[in-house]
Every structure is written in C-alpha cells, then in structure tokens.
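Labels below follow one simple rule: chain letters A, B, ... track the order of the sequence lines, proteins then strands, and each chain is numbered from 1.
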Amino acid sequence: MPSNGRETPNPASGFTRVDPAVDIPAMERQILELWRATKAFEESILRRPADNEYIFYDGPPFPTGSPHYGNLLAGVIKDMVPRYWTMRGYRVERRFGWDTHGLPIEMEVEKRLGISGPKAIADFGVDRFNQAARSLVQANTETWEALTERIGRWVDFEDDYKTMDPEFMETVWWVFKQLWDKGLVYKDFKVLPYSWGASTPLSNFEANKDYRDVEDPSVTVRLEVLDGAGPVETGDYLLIWTTTPWTLPGNLAVAVGDEITYVRIPDGDDHYWMASSRVTSVFGDDPSPVASAQGAALVGIQYQPPFDHFSSQRDAGAFRIISSPDVATDEGTGLVHMAPAYGEADFYALKGAGIDAMVDPVDAEGAFTEEVPEVAGQNVKVADATLIDLLGESGKLVRSGRITHSYPFCERTGTPLIYKAIPTWFVRVEDLRGRMVEINDTIHWVPEYVGTRRFGNWLVNARDWAVSRNRYWGSCIPVWECSGCDEAVAVGSLDQLEELSGQRPNDLHKHVVDEIGWPCASCGGSMVRVPEVLDGWFESGSMPYGMLHYPFENAERFEAAFPAKFIAEGLDQTRGWFYTLIVLSTALFDKPAFENCVVNGLILAEDGRKMSKSLKNYPDPSEIFDHMGADALRAFLINSPVLRAEPLRFSSEGVAEVVRTVLLPMWNTYSFFTTYAEADGITVADLESAPSPGDRPELDRWILSVLQSLISEVNAQMEGYYLYNVVPPTLGFIDHLTNWYVRRSRRRFWRTRGESGEDDADKVAAFATLYEVLTTFIEVLAPVLPFITEHLYQDLVARHRTDAVVSVHHRDFPEADPGLIDTDLELAMEVVREVVRIGRNLRKKEALRVRQPLPRLTVLTRDPTVAEAVTDHAGVIADELNVKDVVTSADEAGLLRLSARADFRSLGRRLGPRMPEAAAAIAALAPEDLEKVLSGGKLTIAGEQLGSGDIIVERVPQEGTVVETGSRLAVALDTSISEDLVLEGIAREVISRVQRMRRDAGLDVTDRIHLGWSSPDETIRAAVARHSEDIGAEVLAISVDEGVDGAEETYAIGGAAVTLGISRAEGSGQIS
RNA sequence: GGGCCCAUAGCUCAGCCCGGUUAGAGCGCAUCCCUGAUAAGGAUGAGGUCCGUGGUUCAAGUCCACGUGGGCCCA
C-alpha cells in the first residue's frame, strides 16, 4: 500500500480552473455517486489489515418513523470516529443494528391492525401478530438508509444485525442462561400499572398517557389496636384513609413516617391516633390531643385489619405498624393503609419491614375471587360500595364521602388503571453493583462527568432489574417450568432445546416456542414455557454477543475484539443501553463492554422547545441537505454543545455559518490555486520539482509549520475523543491560510513565468506549498467533512496520479512532522500580524486610508525577539500598511508613558489584608520609580520590598501621538505626508478605480488593456504622469495615454475629477 | 420527591476544575476598508447588574450554601 503522496504522478498532468461559485449540495450528490460506483466504503474497510481491528458497537435504534436530528447527530459521531481510526490504519467494521422488538413496535402493529390488548391479540393469533410486526420492521428501514447515506455516514446496512434474527435470539438465550447458572435470575412480584380492560400490565410510560378527573370514594376507617404500648392503649383506633376501598381486603400493614408526630385524640369513649398535622382535617377546629408519639415509637403495634379474610397472614408478620419513608401528611391521616399487591410503595415498605406476606384476591379481569366471598365476581370498582357498607356494619367506617381527583386510565380500553402485583423475572444487579462501579471507572467518558457522576451515581444506586414483559413480540424468557412440581429449566441454546424436546425451531418467537414442551424429569409432569418475553433492553445489552452469534459462531473473533473501543449515544441512554451493556458484560465477563464512550445531548428546536412534528418548529433534514449540504450540518453539529452532552438549539443559521466560514474559504482557496495553476500551466512535475520545504521562502515554511501544528492538535483531540475540539483550531488555520498565506502570496502566483529563474523558483515553491497544504488539510478534515474533502482529493490528487487510492478516506491520517514545525517562526509571524492589526487600527482612527502611503512606522519594544521579528519582516509590514519605512525602537520618550498596577496574583498571597493599601500606592508611583522597577530595582511599599515580579508596568500612549499599544509592543505612525507621497497616493487611487472598471467590464484577470485618462487637476495630472509605469503594470495596461477614448468613467479623487477609459487590448488573455 | 447538567453581549457559546481587579469568540448590528479569491475578503466599533440572595476571602463570573428558571434521567 503506497503511503500518502508516494503514488506515481503523471508529470504532464495540469490543473483545471475551478469556478469559485459552487453548488455544494450538487457536489455532494456527485460524491455519493462516486462512493457507490467505487464501493469506497467497503474498500475502506477491506484495505486495512484484518488483524488490526478497531471495534465499534452501533447502538440499535427502533425502526419507527424516519430518523430525527438526534439520530443524525449520533450517526455523524458514529461516522467521524470510525473514519478517523480507519485513516489511522485500523479496520473498522460498522454494522448497522436494529432494535426490532418491544413495545413501540407492538403498539404500532396494534394500531395498524386495529386491535388492542391481549385478548384481541390472542383472538387474532400471536403468530399472525408477530408476522405483522416483522413486516413493519422491514418496511421502515428504508427511510433510515436514505438519510443515513445522505449525511455521509458510512455504515453497513447489508450485513446488519436485527434483534429478531434467530441467531441473535439464540445468543440472547445463552446470555440469559449464563445469568441463570450464576444464580443471578429470580422471580418475584412487581407492582405495575394494570389494565383490567386489556388484562395486562402496562409500562409506566403507557400508564401516564390518559389521566382523567373522576369522582371516587373517600373513606376513613378505624382499625382497633390489639396490643397497646407506651402512649398507645389497647382498644385505641388507628385512622386510615383511602380512595380505593377495594384494596382494603388486601390490607396487611399500616405505615407511619419515623419523624412524623402522631397524636391521640379522644372522641366520646374512643381514642383515635393520627398525624398531628392532619387532625383538623378530620376532627375540625377543636382537637385536644391527650398524648403524642413519634412515628418510630409506634412501629410494631398490632391492629385488627378492616376485613378478616386473610387473618392467617398475622403469622407472617402482617397487621402491624411499619415504617415507610414515603409516608406524607399532605392528605389522609398520616397513617397509611398498606396493600402490597396494589401499591409499589406498599410492596417495598413491607419488604423493608421484613414482612413476607402478599395477598391478591383480584383476578386478571379486575374481579374479586372467592377469597373474598362477599364481593366475589364483582369488579373492584363495583365492589367499592359493598365493601363500604360492610365496613359500616362492622363499625369500622368513620367517614365516607366522594372526592374528585385526577386518575390514570387505560389509553386503549378506557377503563381505570389499578396497580397490581405481577410475577416478574429479575436480574440481581444489586449483587453486581460494586464490581460495575469499579469497571465503570476504567471507561473513558466524554464528557467525563456523565460517566463519573451521572452514570456512576446511577450504578451505585442500581436496583435489581426487572427483565420480563407480559408481551408478545420479543425474545422469550427461555425458562420452562413444570406444571406439577418446582422443576424449572433455563434453555441456553437450540442444541439444548432439541435435546430436551426433540424440536429445533428456526424461529424463537413466542408463538413458536410456547408450543414446545417435554415431560418433567423429576415428576413426569409437563414442562411449559413461562409466558413472559424479555425486556428489549436485555437484547440491546446483549448486542456485543448477539451481533456475532457468540458463542455458537465467531468465538475467537469475539474474544479478540471485546470490549469495543468506542460507542456513542445520547444522554438518555444512561439508564438504557450504557447501563444494560455494563450489567451484562460485568455479569458475563467481568469486563466493561466499551472503553470509550461519547455522550451527546438533546437537540432542541430553535425556540428552545422539543422538536415537534406537529409544531413544525424545525426544518426538515432534507431541506438542510438540499440547501447547504451534509458537510455543513456535520461540522455544525460536531462543533455544538450537544457534543458536551448539553442541549443544542438547532438553527439553520448556524449551518449556514459553517458554509461561510469553513466550506467557502476552502473552496475559494481551491479555486484560487486551480485558477493560477491553469493560467501558468503548472503541472504535477513542476510541483515535484519544487525545493524541499526547508529551502522554501519563509512564508511557505511558516504555513507548513502552522499546518503541522494543526495536525498534532487534531490528532491529540481525536485520540481523546474530544470531537468538539476539532473544529475550532481548524477555523484558526483557515484564517491563517486565507487571510495571511494566500493574501501575502498572491503576487508570487501572478508573476509572469519564465521572466527570471529566481521568480520561477519562488513561484513553484508557492504553488507546491499551497498544493501540499490543501492536499494535507483535506486529509485532516476528511472525517468531519467527507464530501468536500473527497471532491478536492479527486481533483487535486487522484486525477494526477495513476495509482492513487480511489478516495481521500482511504489515505493515512497525517501525523505531525516535527521537522517542519518552527515555533519561533510561528511566534514571529504572530508579532507581524499584531503589528499590522494595530497599524490598521491606527490608520482607521486617524482617518488615513491605506492607499495613502506614509513615510514611517515605528514599532516600540524592548523585547529583542519582537524587534527581530519586526526587522526581519519589515517589507511585509510596509507592504500591508503602505508605509515607506518600518523601524523598531526601544526609545519611547514622548510617545509612551509608564503606568503601573499591582500584580494581585503574586502580591495578594503575600500581603493579605494590606493589599488594597499597596495597590493604591503602586498605582500612584512616579515614573522614576517605575523605571527603577523596570531595571530590576526594589521599592518599599506597605513595608514590603517589591520588585518587577510584583508590579505590572504598562506603557500607554501619550496624548497627542499617533500611537497604539498591543500586548507586547506599541506601534507609532509618522503621518507627515510629503508631496511625493501625495502623488503616489493618487496613483494608487487611480489603480483602484481602474481595477473596479476592469471588473465591471467583465474582463478576465489576465486580460490586457489600453488605459486612457484625463484630468483638469494639476496634482492628478502630475501623479498619473509620474506613476504611469506603475499604474500600467498594476492594471495590466500595455499603454497608458493621456486622452480618453472608449468606455469611460469619471471619478473624484481628493475633491478633483479624473476621467478614465479602458479598452481590452487585442491578443490579450494570454498567460500573465 | 431524588440524581446529574445548564444559566455570561440581541443570538449561539468559551472562560469556572486551579479565585487576582480591563470577562472573551463567532453570528447579528453599525461604521469603514479592499477590489487579481470579487455573487468573495478584511478592519473597527457599540453592546454585559456574568440568574438572585447570602457566605468564605485582601480579592468571587470562578469556591460554598440557599433559592429561581430551564434540560435529561429516575421515582
């Protein structure tokens, strides 16, 4: 493989002028064509050695709808990094992945089929339902492919992975079996939102979709204390309150808050306990507590439950007061009825109290079972009334009313939701927690805080993971249970399934697997698969293994390539993919699943709100592509706060800015190069014959040095995954290149070739330098701007070299050549640019246009390095600022005066409270004292010996001078304008006017003209006459004659008129 | 209710980790320059109670606490 720049050039190959006006989107579409035609992406992988892999994991998105900016952003990051490491010589495979299972897909399928809920799905047929889900997934992938390609993301859609592939699903079984064998899986109850209408638990997300204001019972119930202790006497009553009387048969405890104060209120012969702060809401304004206690003191007291159907549960610890941190006193009585089957907080409070009891007398359709015979068969909401009556009859009802409140409903069936304990499979994440935290510490997160704080905190508090879902379209929980005994088997492969059942299905979805069973090995009963499917996150967390069908295939490859070097996703994946990847990799391999993780923030619409299709508050991505192109969008996104995991307000203005500040300057430079290369007939052979960089003029060495510095900076940032630090130094480089190198070099490119050997050498050096800079710069930017860099590569490199690699993305990423870096030179040029900047500022302030030559510019400095930089570049400065002479001087008498202030940083620590006093004294120092300090002397101020390290002496211009100070120097302009200079200034004005006429006449930059002029003004006549030769040379006039003839224009210069006329000379248009 | 993040110019953001007295950039705006990159390019300028309150300190945009507003995630 040839390394960069070593391909065989076609020596005769010349360059073709490129129009500076560019249609970027059209150019990008051509590049897409080129990539397709040359299979550039596939090649970029194959040409890197297979034993030098860089592993990237692509987090699988749901194929619902079309990709939004968040997906595109993730795509850009996932493209830029692999492109970079590919250019660094690694083989970076990029297989696209699809998260094909899960609730969002099922919901979409239900919508399309017009059915809803488990009953409807069962009637429709799980097999047909799953088939519909599969078709939907396949149909939706196309828009993704189109937009992904358009943004320039190179990723393999052909060899993609899908979580619904049988191979992937088999690996998921294997993963589950690993956990099972390690004892990390268990089954328990989990309280979930439940729809009796649909006979199914819902996700929290679904449960939040339909809240309605409804009227419900509001009952206060008294529960008799059975074993009083302390201030609580036997026979006292605990007051509880609920809006769901149907949960009272399931009551197993009453909760208090440890810190809450409870009081004993007498009422007739009875005494009631409740939270002090809630007394008036129950008893009105005249409560007279006779005793009080903190909640913690009440814990353990036994009471008589509202109903006695489950009184045997007392042996399990039920019907006692327990403590719960969730008890609040903003409603109710501060004594909270606990029915663990019907409330998540209840469930955990009993667990926390060590009470292993649970009763659930409500069936799947929301009706009471025979366990509560009084209401058996009644729906819970219907049973409410009966139960309230029963409480009244038993004397337990204290108050009964109605309350209107907001309550969740089932979005699909319109029935009220209840909470209900559902058997659920868990992974023991809490056992893995410590190790997960340690493993997380080895991961490099960008930005860092996401990993160390946000994700780290999440890990420390990780709870066991509920991995089962009562759904249909997903990987199955591969557990078979015996109908007759406790036997349970986890199946981890098709081989095992075949061995057990004699069957080997080619699809592992629920409708197939549920049909498979075998006789129980211990009791001869039948082994039946449990009904649940796996959480989709379990599958995406299994992606590193599932993608390769590990361990059934690719075992060696996987082991060599795990963990991944790099992943990138949004901040919302903290609890999602990042988490499940780590849980599973820790459980299975005791390793992280990835080494570097780039986390991006959320993209908001320009108005700061979420992007919303219905609000139309953001431009369609394809609009951006059509108007400004993918490169601009990529650079905009990469350079934005989303790369720091912060939200970004998307604005197409920002994208347009990238076009203006990055793409157009690059294109302009490219156009500039090709224009003059063509005009001069520069060939590749000419470029090759240029002197080696070290022997070229300083300006060339300078820009090459700046380029090398940029290369080393970009490499450092990319190696650290700080993608957001790549664009800013690039912008700085573009400024150096266009506003200094090209501008300063222009005349070198124009000089007529062949007039002098010395000029030719300089010209070729300039062309070679600009060529090398451009062709290297595009390599640096190729990962960010894959299109424009490819275009330039094709035209500037590939065209001229017979065995060049076909794409810029196949080249090796540049590495900085320390031999070309000259920091002294870079520093000197900074000084020069500063002098020029200050000089322009001065001219502006003094209203002295640059076209008017001035006699002298003086740089005031005592720094020999600065003085040397100025002296060495006096010509450049003189040219830029149109002055006749540039000198340096250390003598600032009459121009600058000294001014002092304290160096707080060094003095503050030493002086402490005496600081303000010293600062005032320093500001008031006399010039002689300052001179003394400057020459190394010490002064006694505030009782301290202070020297040059403590006092900052600055020079400021004296009033009435044409002087301006910079950070390390001052610039003085001599503004006396002699007669000669006036004439020269006029000549420059004339040149300027003629150039404008040339442009307005549409002449080519190489066209020769005849110039005629006339003026009634003596001074102008003198000026033009004296400088006619210079004028002619500047405006490419082969004759300059008094008397106008042809197209003419009259201008005012310094209040006097001049008439100019130009005409194109015959035979012009030759090489200049 | 909890965790994390953010709040600096009209807009988008640096600066904050490690405190130092004149807070920067780009865009936009205004004024001007250049005219051989020209449907480009450049310079200069105006514009800031650094969200609020309190604290620590000789010194706070920067550190601490509390609050306000916004975001993400979780409950």
Side-chain angles (χ1 to χ4, degrees), chain A residues 18 20-21 204 325-326 328 344-345 348 447-450 452-458 460-461 463 570-576 579 599 601-602 604 606 608-610 636 639-641 644-651 653-654 656-658 660-661 664-665 667-673 675-676 679 724 728 731-732 735 738-739 742-743 746-747 749-750 836-845 847 849-851 880 901-919 923 952 954 991-1000 1003-1007 1034-1036 1072:
Chain A
V18 172
N204 277 311
D326 294 324
E344 190 177 13
Y348 285 111
E448 196 191 348
Y449 76 84
V450 174
T452 55
R453 293 171 188 273
R454 196 185 166 105
F455 191 64
N457 288 352
W458 170 252
V460 167
N461 298 312
R463 299 262 293 272
L571 190 60
D572 52 350
Q573 295 299 323
T574 313
R575 274 74 167 160
Y579 179 62
V599 184
L602 191 78
L604 303 173
E606 196 158 8
R609 295 193 285 177
K610 281 191 179 184
F636 170 73
N639 199 33
S640 77
R644 299 172 193 268
E646 284 166 29
L648 162 72
R649 291 187 182 201
F650 184 86
S651 85
E653 260 311 297
E657 190 186 326
V658 175
R660 274 203 309 277
T661 57
L664 287 181
W667 192 270
N668 279 336
T669 310
Y670 161 58
S671 164
F672 176 88
F673 173 84
T675 299
Y676 292 104
Y724 48 81
L731 295 174
D735 176 65
T738 61
N739 291 331
V742 170
R743 214 159 58 83
R746 273 196 290 234
R747 280 166 192 274
F749 291 92
W750 309 336
V836 170
R837 195 161 42 241
I838 295 171
R840 274 202 274 260
N841 197 349
L842 272 176
R843 274 190 172 268
K844 163 111 180 162
K845 277 189 182 160
R849 49 184 42 187
V850 178
R851 274 193 292 263
E880 281 289 319
R901 61 185 164 87
D903 185 339
F904 284 82
R905 193 187 286 265
S906 84
L907 275 182
R909 193 162 300 149
R910 267 166 66 197
L911 297 183
R914 285 176 296 154
M915 192 62 221
E917 180 200 343
I952 298 168
E954 290 172 322
I991 290 168
S992 158
R993 301 305 190 283
V994 176
Q995 299 290 29
R996 198 176 306 169
M997 290 174 76
R998 286 184 57 114
R999 192 190 67 188
D1000 293 346
L1003 296 185
D1004 189 84
V1005 296
T1006 58
D1007 281 340
E1034 276 299 313
V1035 303
L1036 301 188
S1072 64

Nucleotide [N], atom [atom2] - distance to [atom1] of [X] in whole Å:
X	N	atom1	atom2	value
A/Arg660	B/A37	CZ	C1'	17 Å
A/Leu842	B/A43	CG	C1'	13 Å
A/Asn739	B/C33	CG	P	19 Å
A/Arg463	B/G2	CZ	C1'	12 Å
A/Trp667	B/A39	CH2	P	16 Å
A/Phe455	B/G2	CZ	P	23 Å
A/Asp735	B/C27	CG	P	11 Å
A/Phe650	B/C13	CZ	P	13 Å

RNA chain B nearest-nucleotide lookup for A/Glu1034 and A/Arg454: closer to the 5′ end is A/Glu1034
Hey, which of these two, A/Arg914 or A/Pro20, hits RNA chain B nearer its 5' end, going by closest nucleotide?
A/Pro20
Counting only side-chain nitrogens and oxygens, does [X] get under 4.0 Å of the OP1 or OP2 atom of [N]?
X	N	value
A/Ser671	B/A37	no
A/Asn841	B/A43	no
A/Arg746	B/A37	yes
A/Arg996	B/C34	no
A/Arg905	B/G19	no
A/Arg849	B/C33	yes

Side chain of A/Asn668, heavy atoms from C-beta onward: which of B/U35, B/G28, B/A37 has the nearest atom to it?
B/A37
Check every strand shown and say whether [X] touches a base, only sugar-phosphate, or nothing at a heavy-atom separation below 4.0 Å.
X	result
A/Arg743	nothing
A/Thr738	base
A/Tyr449	sugar-phosphate
A/Arg837	sugar-phosphate
A/Gly912	base

Just wondering, do A/Arg746 and A/Phe672 contact through their side chains at under 4.5 Å, heavy atoms?
yes
Heavy atoms, side chains only, cut-off 4.5 Å: are A/Val1035 and A/Gln995 in contact?
yes
Compute the centroid of each ring, for A/Phe749 and then for A/Phe673, and state whether the two points are separated by less than 6.0 Å.
no
Under 6.0 Å between ring centres: does that hold for A/Tyr670 and A/Trp667?
yes
Detail all sub-3.5 Å separations between protein N/O atoms and N/O atoms belonging to nucleotides 22-26 of chain B.
{"from": "B/G26", "atom 1": "O2'", "to": "A/Glu657", "atom 2": "OE2", "distance (Å)": "2.4"}

What integer number of Å spans the [atom1] atoms of [N] and [M]?
N	M	atom1	result
B/A25	B/U35	P	27 Å
B/G28	B/C74	P	40 Å
B/C13	B/A30	P	24 Å
B/G45	B/U49	C1'	23 Å
B/A14	B/G55	C1'	28 Å
B/G24	B/G15	C1'	7 Å
B/U12	B/A65	P	28 Å
B/G52	B/A60	C1'	15 Å

What's the shortest heavy-atom distance between [X] and [Y], and which atoms?
X	Y	answer
A/Ser671	A/Val18	OG-O, 2.9 Å
A/Val742	A/Thr669	CG2-CG2, 4.0 Å
A/Gly570	A/Val599	C-CG1, 4.0 Å
A/Pro665	A/Arg660	CD-O, 3.0 Å

Using a 3.5 Å distance criterion without hydrogens, assess whether the side chain of A/Arg998 forms a donor-acceptor pair with backbone atoms of A/Val994.
no
Parsed dot-bracket for RNA chain B after applying the Watson-Crick and G-U rules with both distances under 3.5 Å and | for other-strand partners is (((((((..((((......[...)))).(((((.......))))).....(((((..]....)))))))))))).
Could you tell me whether the side chain of A/Arg840 has a donor or acceptor atom within less than 3.5 Å of a complementary atom in the base of B/C33?
no
Contacts of A/Arg905 meeting side chain to side chain contact (heavy atoms under 4.5 Å, CB included) (sequence neighbours excluded), chain-then-number -> A/Asp903
Are the charged groups of A/Arg747 and A/Glu1034 less than 4.0 angstrom apart, N to O?
yes
